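For reference, the structure is listed below as structure tokens.
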Amino acid sequence: MLLIRCPYCDETLPELEFAYAGEAHIARALDPSSVTDEDWRDFLFIRSNAKGPHYERWRHVHGCGRFFNAVRDTVTDRFLTTYKAGEAKPDLETLTGDAR
Amino acid sequence: MTIHPHDLTPGKIAESAACKVHMLDPVARFSLRAHEPERKAVADALELDLPWYVGDVAKTGETEVLNLGPDEWLIVAPEGQTDFASRTVDAPHALTDISDRELTFRITGPRASDLLTLGCPRDPDSIKPGQGRRTLFDSATVVLWRDGENDFRMDIWRSFAPHAVSLLALGCAELAAE
Amino acid sequence: MSKFRVAGRGRVRHDAPVSFTFDGRTIEGRQGDTVASALLANGTHLMGRSFKYHRPRGPVAAGSEEPNALIGTRRGKGQYEPNTRATMQEIWPGLTTTSQNKYPHLKFDLGAVNDRAYMLFSAGFYYKTFMWPASFWDKVYEPFIRAAAGLGVSPTEEDVDTYASRYLHTDVLVVGAGPAGLEAARAAASTGLRVTLVDEHAEMGGALLSEPHVQIDRLPAWDWLAEQIAELQDMGVKLMTRTTAIGYYHQNMVGLCQKLTDHLETQPHDTPRERLWRVRAGQVILAQGALEKPLVFDGNDRPGVMLAGAAQTYLNRFGVRVGDEIAVVTSHDSAYHAAFDLADCGSRIAVIVDTRALVDDALVAECARRGIPLKRSHTVTGTAGRLRVKSVTVNAVEGGHVGKGRAYKCDALLMCGGWTPSLHLFSHTKGSLKWDADAQTFLPDRMTEACQIAGAGRGLWGISAALQDGATMGAEAARALGRDAAARALHAAHDRPGTGASHTELPTDQPASRAKAFVDFQNDVTAKDLRLAVKEGMRSIEHVKRYTTNGMATDQGKMSNINGLNIAADALGKPAPQVGLTTFRPPYTPTSFGAFAGYHRGDHFELTRRTPIDGWAEDNGAVFEPVSLWRRARYFPRPGEDMDAAVSRECRATRASLGIFDASTLGKIEVVGPDAAAFMNRMYTNPWDKLAPGRARYGLLLGDDGYIRDDGVIGRLADDRFHVTTTTGGAARVLNMMEDYLQTEWSDLKVWLTSTTENWAVIALNGPNARKLIAPFVDGLDLGDDALPHMSVTECTFMGHPCRLFRISFTGELGFEINVPARHGRAVWDKLIEAAAEYDITPYGTETMHVLRAEKGFIIVGQDTDGTVTPDDAGLGWALGRKKADFVGKRALMRPDLVLANRKQLVGLLTDDGETKLEEGAQIVLDPDQPKPMVIVGHVTSSYNSDAAGRPIALALIEGGQGKMGETVHIPMPDRTIAAKITSPQFYDPNNDRLKL
């Protein structure tokens with residue numbers, strides 16, 4: 001069971017309070033009707049399935065209720081960082097440099 | 001020990017040398033939502049103090065306001081003392097009556113904090129006296145108020161209460177037997 | 001007193017005899033004994049039979065690593081446990097124990113014929129012996145293997161014990177309370193940190209319990225130990241004995257299993273048998289010490305052959321000599337001390353056989369002083385004795401040549417092949433290991449967790465080193481947590497660390513094919529099996545493990561892994577570090593299912609949600625069904641009625657007069673804020689701008705893939721406030737989905753969502769008399785068709801309670817849904833039932849609700865849809881706000897696959913014979929005579945006997961179904977094929993006249 005830092009509560013808490021919510025930084029088009037079938041398919045179904053650092057979303061569902069983003073290494077299961085929804089993608093090299 | 005919903009009436013649920021569990025009388029309970037830029041305007045209009053940090057509690061008279069998240073407050077007031085709910089608020093917000101959604105249990109006694117560890121994965125000591133949090137107890141979402149070192153209140157959705165309270169009652173006896 | 005008990009020796013209470021039974025025989029032990037030590041004190045080594053060959057076995061160890069002495073324990077009715085380690089089970093008056101894996105008797109066992117037929121059972125025998133003929137598998141081979149294999153017998157009675165669990169947050173968790181663990185706990189606790197110290201044994205002390213001669217800080221070891229424990233207690237350290245760290249998980253989560261009652265004669269009230277602790281520690285200190293390695297030689301499994309360190313423990317901790325005439329075979333110094341201690345207590349040491357040429361002079365001198373024959377550069381090539389070792393054959397080894405053997409009489413043979421750090425928990429964390437060539441063992445290397453390893457667990461031998469390292473690592477852990485810490489230095493006198501050499505099999509003059517030199521005692525794996533596995537092509541140690549089953553039994557290779565590796569490496573011609581170790585997996589020792597289940601069994605197995613009206617349903621004989629976590633009344637049978645009869649009556653009564661239904665479980669979400677309508681427009685398919693406050697609408701929710709996710713009636717209470725209902729099972733999912741879009745895609749919207757499911761009790765009244773019943777209770781509210789038309793909502797007072805009154809219908813009859821604050825739900829229900837006697841009010845359950853809606857062709861999401869159904873597929877195209885720029889799912893509805901003409905579409909089905917009720921889930925074909933496999937064109941989603949239609953009705957998803965009205969399809973069943981016609985899904989009142997009553 002992992003420990004996860006909620007960027008809204010600023011607390012590091014047991015995984016049981018959280019729910020996984022899929023890959024992060026996959027934005028829904030502002031005007032979906034202008035999106036091609038292929039792009040809409042990719043938006044719906046195509047994911048990076050990363051081995052290593054993975055940008056993903058979690059929700060502090062049994063806490064403050066907020067969705068937020070995280071970078072987690074899918075090999076070690078370790079969180080490299082968590083950050084608020086809407087914040088820029090953190091730079092991977094800085095993160096992995098710190099963590100390894 | 002199994003507790004059925006109709007057993008849940010205000011008063012003593014379980015008691016041992018280690019801890020006590022009481023069900024409290026109904027209160028008025030509201031969910032208040034507003035974004036940070038409007039927090040002050042909403043607070044002024046409602047004439048309530050809306051704490052900024054997640055987990056902090058502010059008291060205005062007998063009305064308590066707990067910050068549950070960045071745009072969410074739980075307001076608890078004695079029944080019939082809900083003038084704030086009828087005040088005019090111009091700033092965007094949402095106020096929803098949830099008085100009947102939860103039941104509230106008071107958990108006290110020298111091992112009250114240990115009793116929570118039967119079902120609460122979070123460290124109870126991460127909630128300071130005078131604070132509260134939404135968290136988890138035996139797979140049910142609860143709001144946990146720490147009113148004192150050994151004095152907690154647990155708000156729990158009505159239909160989840162018998163399950164959670166059964167465990168609390170069992171734990172009262174288990175802790176006393178240690 | 002038995003001659004093997006040494007008066008005044010050990011930590012047992014010699015003045016407190018305790019009787020228990022073993023295989024029906026009364027055994028007298030002492031308070032503080034384990035079953036193994038008590039049996040040994042009575043001269044009994046034979047405690048069980050082995051897994052495969054049914055060979056007689058006795059204890060080889062004194063701790064939880066014991067592979068042989070597994071027993072059944074019975075503490076009372078429903079309290080039988082198989083495979084308990086006799087070396088860990090403490091005795092108490094009345095404890096009943098039995099040996100295992102014997103038939104018919106421990107001393108005479110028919111299964112031991114396997115031992116003679118051992119050629120059949122060599123490595124990989126499963127894969128070879130039972131290959132052919134294939135028809136033998138079911139009837140001959142499998143039953144044979146099932147009967148022959150296995151350890152103890154599973155209990156058949158329900159476990160009457162209770163189990164518990166807790167979370168524990170601690171700054172420092174120390175695993176193992178030997179000298180290293182005690183000092184580590186002290187160093188960390190002295191800085192004010194919260195420290196927890198656990199040990200799997202009945203008392204703390206670890207190696208100190210077996211080495212009372214050591215002096216620490218000028219105190220005898222046991223006096224020092226007592227002082228330490230008292231001081232740790234004073235410092236607030238949480239001390240837990242009989243507590244095993246069973247698994248080490250991510251981010252310093254450690255699982256502990258604490259045994260609370262197995263050692264007690266009388267069970268205390270309110271005390272669980274075991275408690276599983278989920279510990280989260282800032283720092284973990286592993287101070288688990290090391291395990292002694294057996295030597296591998298022919299006959300090393302005979303009762304009476306045991307580890308030298310175990311014999312030392314039996315003597316010094318339990319006051320038991322394991323034999324009168326004892327031989328020792330060793331490649332390590334530590335066995336000498338066991339021999340010396342035993343000699344000093346009256347056992348005769350027949351011989352010490354050391355495989356090494358060079359032995360420490362001091363040890364040689366001590367042997368000479370005691371008159372113990374010492375054979376250096378010698379080997380052991382065999383043992384004799386049927387149920388107990390009687391002699392050992394000792395041969396000289398010179399220049400690689402094994403000389404002629406000489407037999408030494410003995411009733412116990414102690415062996416020591418050196419020591420292996422206990423790496424199990426460390427390995428759970430995927431920490432990497434490094435090979436120590438000197439010690440011929442693996443040591444922990446790179447850590448993945450906030451963890452320290454102290455003492456013998458990282459290859460530091462002796463009490464002094466363990467104390468020092470424990471203090472150092474305790475201070476290290478404290479510093480890592482930001483404390484200022486220093487390690488104290490302690491001096492231990494009479495410490496005896498020692499050194500040794502490592503072996504594969506001991507040199508022998510016997511033909512290798514005949515030797516039964518065991519590596520894994522519990523799984524009966526011999527050195528020959530391992531070599532055979534390599535010879536037959538296994539190259540990876542993981543393959544060797546699975547082919548031979550080495551290290552796979554309940555002891556998880558505690559004794560066998562290193563010897564197995566050394567032999568496999570030798571056979572492969574590779575150095576050991578290149579071959580590597582197999583994976584150690586949790587739990588460290590076998591753990592009961594009860595401990596894992598904890599409180600979640602019986603009534604507390606899973607949360608059952610009940611509505612405020614559930615009690616009435618229970619009192620009135622409802623049959624319940626689970627719907628997500630809720631239990632809902634399914635139907636209310638009267639005496640003599642089955643479900644069909646009850647449902648038929650409930651349906652009829654509702655359509656004829658009045659039915660009452662508890663709809664409290666429906667999900668409810670309050671959508672509030674200035675942008676509420678904008679949010680609803682984006683979320684639901686329907687248009688919401690023009691829905692006036694006071695009106696309600698059927699809302700359809702899709703995923704962005706265009707498929708139906710949920711539906712429900714949504715009422716607009718005010719410009720900025722909607723009362724959304726969801727399906728019972730969908731409530732949490734829908735709210736989560738809405739929050740997701742709101743928080744992450746549309747965070748600009750000023751609107752908020754609150755679950756109000758449990759705030760309201762909901763009572764649905766359906767039937768022509770519904771209005772008449774509620775009219776007296778609504779405080780003068782006009783309930784007429786103009787004031788409160790179908791699909792409307794009003795906030796009113798009902799029986800004096802605040803109420804949200806919906807006029808809606810899921811049955812096709814005139815219908816109202818009364819939402820009152822949950823606490824008043826039962827009272828309102830009771831009063832309605834009472835007031836409606838004249839209308840023949842009939843309570844109905846979910847089954848009748850399903851039939852009534854199916855008669856109207858209303859779908860149930862999740863029953864008539866399966867996550868691949870679009871609104872058009874379901875005939876709900878009318879619910880799409882096609883003029884809206886966007887809503888969740890809109891874009892996907894234009895994808896090529898979603899506009900295909902031949903998609904599965906929801907239709908009605910009527911069986912041709914008018915009598916047969918189809919099976920839900922049955923597959924549908926167009927041509928019943930086509931060859932198999934048939935082309936399936938759809939399936940039945942709902943099927944009921946309809947009272948209103950006077951015949952069975954069904955809903956089905958059929959390819960292109962909406963264009964096939966009137967066509968016949970076929971439903972092949974095991975015994976026949978049923979013909980049915982495709983129809984409209986509306987079977988009753990297609991013009992909705994009854995809503996206007």
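This is a predicted model, so every value here is computed, not measured.
For Lys20(B), the NZ atom is loosely surrounded, since the number of other residues' heavy atoms within 6.0 Å does not exceed 12. Counting non-hydrogen atoms of other residues, nucleotides and ligands closer than 6.0 Å to CD of Glu62(B) gives a total of 12 or fewer.
Between chain C and the options Leu103(B), Thr96(B), Ile98(B), heavy-atom pairs under 4.5 Å are most frequent for Thr96(B). Contact tally against chain C (heavy-atom pairs below 4.5 Å) for Ala140(B), Cys120(B), Ala161(B): the top residue is Cys120(B). Chosen from Ala164(B), Ser126(B), Ala34(B), the residue pairing most often with chain C at heavy-atom distances under 4.5 Å is Ala34(B). In terms of non-hydrogen atom pairs under 4.5 Å with chain B, the most contact-rich of Val672(C), Val671(C), Thr608(C) is Val672(C).
Only the side chain of Arg721(C) comes within contact range of chain B, with at least one heavy atom under 4.5 Å from a heavy atom of that chain. Of the atoms belonging to Leu168(C), not a single heavy atom falls under 4.5 Å from chain B. Proximity to chain B (any heavy atom under 4.5 Å) is restricted, for Trp630(C), to the side chain, taken from C-beta onward. For Glu102(B), no part sits under 4.5 Å from any heavy atom of chain C, backbone or side chain. Residue Arg631(C): no heavy atom, backbone or side chain, is found under 4.5 Å from chain B. For a residue to count as touching a neighbouring chain, one of its non-hydrogen atoms must lie under 4.5 Å from one of that chain's; by this rule Pro674(C) touches chain B with the side chain only.
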Stepwise side-chain contact (heavy atoms from CB on, under 4.5 Å) check, Arg101(B) with Thr754(C):
CA-CA 11 Å; Arg101(B) 190 175 71 177; Thr754(C) 305; 3.8 Å; yes
Please test Leu607(C) against Ser139(B) for side-chain contact (heavy atoms from CB on, under 4.5 Å), starting from the C-alpha separation and ending with a verdict.
CA-CA 8 Å; Leu607(C) 191 146; Ser139(B) 78; 4.3 Å; yes
Output, in order, the C-alpha distance, side-chain angles, deciding distance and verdict of side-chain contact (heavy atoms from CB on, under 4.5 Å) for Arg29(B) and Asn759(C).
CA-CA 10 Å; Arg29(B) 210 181 273 112; Asn759(C) 195 57; over 6 Å; no
Decide side-chain contact (heavy atoms from CB on, under 4.5 Å) for Arg166(C) and Glu174(B); before the verdict, give the C-alpha distance in whole Å, the side-chain angles of both, and the deciding distance to 0.1 Å.
CA-CA 11 Å; Arg166(C) 262 181 228 175; Glu174(B) 188 188 303; 2.9 Å; yes
CA sep, side-chain torsions, deciding dist, call: His604(C), Asp138(B), side chain to side chain donor-acceptor pair (under 3.5 Å):
CA-CA 10 Å; His604(C) 205 75; Asp138(B) 197 20; 2.8 Å; yes
Please test Trp752(C) against Asp71(B) for side chain to side chain donor-acceptor pair (under 3.5 Å), starting from the C-alpha separation and ending with a verdict.
CA-CA 9 Å; Trp752(C) 293 271; Asp71(B) 66 348; 3.1 Å; yes
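From Arg275(C), atom CZ reaches atom CD of Glu178(B) across 5.0 Å, with rounding to the nearest 0.5 Å. Leu95(B) contributes atom CG, which lies 10.0 Å from atom CD of Glu670(C) (distance to the nearest 0.5 angstrom). A distance of 15.0 Å separates OH in Tyr167(C) from CG in Asp114(B), rounded to the nearest 0.5 Å. Between the NE2 atom of His163(B) and the CG atom of Leu629(C) there is a distance of 9.5 Å, given to the nearest 0.5 Å. Atom CZ of Arg158(B) is separated from atom OG of Ser664(C) by 10.5 Å, given to the nearest 0.5 angstrom.
A donor-acceptor contact shorter than 3.5 Å links the side chain of Glu758(C) to the backbone of Ser159(B). A donor-acceptor distance shorter than 3.5 angstrom exists from the side chain of Arg33(B) to the backbone of Leu753(C), with no hydrogens or angles considered. Using a distance-only test at 3.5 Å, with no hydrogens or angles considered, no donor-acceptor pair links the side chain of Asp270(C) to the main chain of Ala177(B). Side-chain atoms of His169(C) come within 3.5 Å of backbone N or O of Pro121(B) as a donor-acceptor pair.
Side-chain contact between Leu118(B) and Tyr599(C) is present, with heavy atoms from C-beta onward closer than 4.5 Å.
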